[in-house]
There are 2 protein chains.
Amino acid sequence: MTAKHRAIHDELLGRILSGTWAPGAAIPNEVDLAREFEVTRPTVARALGELVKEGLIERRRRAGSRVAERQSREAVLSIPLVRREIEDEGRVYAYRLIEREMLAKPGPLVRALIGPGAALRVKCLHTAEGAPWQFEDRLINLATVPAAERQDFRDRGPNEWLVDAIPFSRATQALSAEPASAEEARRLGIAEGAPVFVVTRRTWLGDDPVTQARLVHPGASYRLIARDRGPG
Amino acid sequence: MTAKHRAIHDELLGRILSGTWAPGAAIPNEVDLAREFEVTRPTVARALGELVKEGLIERRRRAGSRVAERQSREAVLSIPLVRREIEDEGRVYAYRLIEREMLAKPGPLVRALIGPGAALRVKCLHTAEGAPWQFEDRLINLATVPAAERQDFRDRGPNEWLVDAIPFSRATQALSAEPASAEEARRLGIAEGAPVFVVTRRTWLGDDPVTQARLVHPGASYRLIARDRGPG
DNA sequence: GAGTGGTCTAGACCACGGG
DNA sequence: CCGTGGTCTAGACCACTCG
């Protein structure tokens, strides 16, 4: 049994994608659609509401509904734990701590990234089948996450620990292609200046910075897949 | 007036993010929540349904609702038209066609990318404030999009034309960091082998390939921002 | 003012799946 | 079996905004 609101959603989606209803075109109002599909108004409203969330239509009171002019092309980026990313492909994951350093009085650079106050810096390497997969360089705000100080991160990466232990309310990710620094090249076993794929992630709990991570992959062996968002 | 279902959603979201309800913990059933918030059951169902879509909770009949164990970290990638991407920052956009070539009998490489049959290959450059911003190398399937043959793409990029004229039903994107090829380096005004940020996009209409595009940005001046998905 | 979307209620029926 | 989620209906009230 497929739900009526879903069937209606899919039918309308088809009319939009096929071009039957062009961008900018008006869509019948809820009452008419309800009559066409032989359901009540809240049911078509639900289907239309989903299309709004997917960015495919726009609605205004009195003015009615229209197919969105600029189809907002959006994609969803899955950001799994690095361990899962590797093990889900059936490969052997391993983790190695490189450095764990307390920064009691962080310099201006670190403070800009993660705020004043003590911070913990952790560098580590994640490997797949023994080959370097990701070099992680992370700052953790000890004011927000004091428990991090008791973690040695010898057997388990800060990534996994944070996900399990610390809630967060907001995150940003930035993706870039950069030349490998001397250290990154050494850790990843590639040439200095060779392309690396970098994910920079920052998270907050309320207004307090939690952590900032620079996740560096060898460009030659990494690509990130984004699946298109929307039509369920 | 903020909607009740939204207020309830936000309240429950707060309990999850704050850790009041830990991952894996059970959530009261709909009837109890309805009593707590003094609304009817469909209203809490709507709030819970949103949390499911956001990946924050999991629900099973009879078993009830739980906070999701592995918070699926996902981010939404906005993929605007290159023109908008530049003009939205208040910079001057310009476009230049480099090459337009009919491939009546495509070789095996092109066929693998976009299927058998005639194809159109278009190379062009997008600039911001006169500086190279994106080098685009695109294949268009003429069987699916015959109208493309009548376009000269002299004043307007294939990107924009396709968005306006051709619906599609499915798209994939892959992101990678690569060394610039000789041609890419020349077009972008960077050194051969320097890091470039590459977006590879393919779209389909039904089961028929529409287009495949390789969008190449100079790594030094480009980063892609992903905003976190979910709450809000 | 009137037409449209946005939401809520009260009640109902059903499907699923754990005990 | 039967508690839970999943959905739909019929009706209603309101808010917004265009003409």
Side-chain angles (χ1 to χ4, degrees), chain A residues 1-13 15-16 21-72 230-232, chain B residues 1-13 15-16 21-72 230-232:
Chain A
M1 176 57 184
T2 129
K4 291 188 186 180
H5 71 88
R6 181 118 291 269
I8 295 168
H9 166 275
D10 292 348
E11 167 61 25
L12 300 181
L13 174 62
R15 294 183 190 178
I16 294 168
W21 288 342
I27 292 174
N29 69 30
E30 293 186 349
V31 175
D32 289 345
L33 287 174
R35 195 157 26 224
E36 174 185 349
F37 292 110
E38 299 179 329
V39 297
T40 54
R41 193 168 73 90
T43 301
V44 300
R46 183 166 177 181
L48 292 171
E50 290 169 11
L51 291 171
V52 168
K53 280 194 184 169
E54 293 162 4
L56 287 159
I57 69 174
E58 291 166 356
R59 318 185 71 195
R60 287 213 314 278
R61 294 180 216 260
R62 171 80 194 189
S65 308
R66 317 194 140 270
V67 179
E69 278 290 357
R70 35 183 300 236
Q71 303 289 7
S72 66
Chain B
M1 175 57 184
T2 127
K4 291 188 186 179
H5 72 87
R6 180 117 294 268
I8 295 169
H9 166 276
D10 292 348
E11 167 62 24
L12 301 181
L13 174 62
R15 295 182 190 177
I16 293 168
W21 288 342
I27 292 174
N29 68 30
E30 294 186 350
V31 174
D32 290 344
L33 287 174
R35 193 155 29 224
E36 174 185 348
F37 291 111
E38 299 179 331
V39 296
T40 54
R41 192 167 75 87
T43 302
V44 301
R46 184 168 177 180
L48 292 170
E50 290 170 10
L51 290 171
V52 168
K53 279 193 185 170
E54 293 162 4
L56 287 159
I57 69 174
E58 291 167 355
R59 318 187 70 196
R60 289 211 313 276
R61 294 179 214 261
R62 171 80 196 193
S65 307
R66 315 193 142 272
V67 179
E69 278 290 356
R70 38 182 300 233
Q71 303 289 9
S72 68

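So that the names make sense, note that chain A is the first sequence line, chain B the second, and so on, each numbered from 1.
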> Which value, rounded to the nearest 0.5 Å, describes the distance between B/Asn29 atom CG and B/Arg62 atom CZ?
Replying inline: 11.5 Å
>> Within the 4.5 Å heavy-atom criterion, are A/Phe37 and A/Leu12 side-chain neighbours or not?
In response: yes
>> Output the rounded distance in Å from CZ (A/Arg59) to C1' (D/dA15).
In response: 14 Å
>> With a 3.5 Å distance limit and no angle check, can you tell me whether A/Arg66 reaches the backbone of A/Gly24 through a side-chain donor-acceptor pair?
In response: yes
> Which ones in residues 26-33 of chain A lie close to DNA chain C, meaning a heavy atom under 4.0 Å from one of its atoms?
Replying inline: A/Asn29, A/Glu30
>> Between A/Leu33 and A/Ile8, is there a side-chain heavy-atom distance shorter than 4.5 Å?
In response: no
> Going from CD on B/Glu38 to NZ on B/Lys4, what distance comes out if it is rounded to the nearest 0.5 angstrom?
Replying inline: 8.5 Å
> In whole angstrom, what separates B/Ile8's CD1 from C/dT7's C1'?
Replying inline: 12 Å
Under 3.5 Å, which protein N or O atoms sit close to an N or O of nucleotides 17-19 of chain D? Give each pair with its distance.
unit_1, atom_1, unit_2, atom_2, d
D/dC18, OP1, A/Arg60, NE, 3.4
D/dC18, O2, A/Arg62, NE, 3.4

> Rounded to the Å, how far apart are A/His9 NE2 and D/dG6 P?
Replying inline: 18 Å
>> To the nearest 0.5 Å, what is the distance between NZ on A/Lys53 and NZ on B/Lys53?
In response: 5.0 Å
> Under 4.0 Å between a side-chain N/O of A/Lys4 and OP1 or OP2 of D/dG6, yes or no?
Replying inline: no
> By a strict heavy-atom criterion of less than 4.0 Å, which residues belonging to residues 34-48 of chain A are in contact with DNA chain C?
Replying inline: A/Arg41, A/Pro42
> Quick one: does B/Ile16's side chain get under 4.5 Å of B/Ile57's, heavy atoms only?
Replying inline: yes
Identify all side-chain donor-acceptor contacts of residues 41-52 of chain B below 3.5 Å with residues at least two apart in sequence or on another chain.
unit_1, atom_1, unit_2, atom_2, d
B/Arg41, NH1, B/Glu30, OE1, 2.6
B/Glu50, OE1, B/Arg6, NH2, 3.1
B/Glu50, OE2, B/His5, ND1, 3.1

> Would one find more than 12 heavy atoms of other residues, nucleotides or ligands at under 6.0 Å from atom CZ of A/Arg15?
Replying inline: yes
>> Holding to side chain to side chain donor-acceptor pair (under 3.5 Å), I want the full list of residues that pass it with A/Arg35, two or more places apart in sequence or in another chain.
In response: A/Asp32
> Which atom pair, heavy atoms only, marks the closest approach of B/Gly55 to B/Ala68?
Replying inline: O-CB, 3.6 Å
>> Using OP1 and OP2 only, check whether a side-chain N or O of B/Ser65 sits under 4.0 Å from D/dG5.
In response: yes
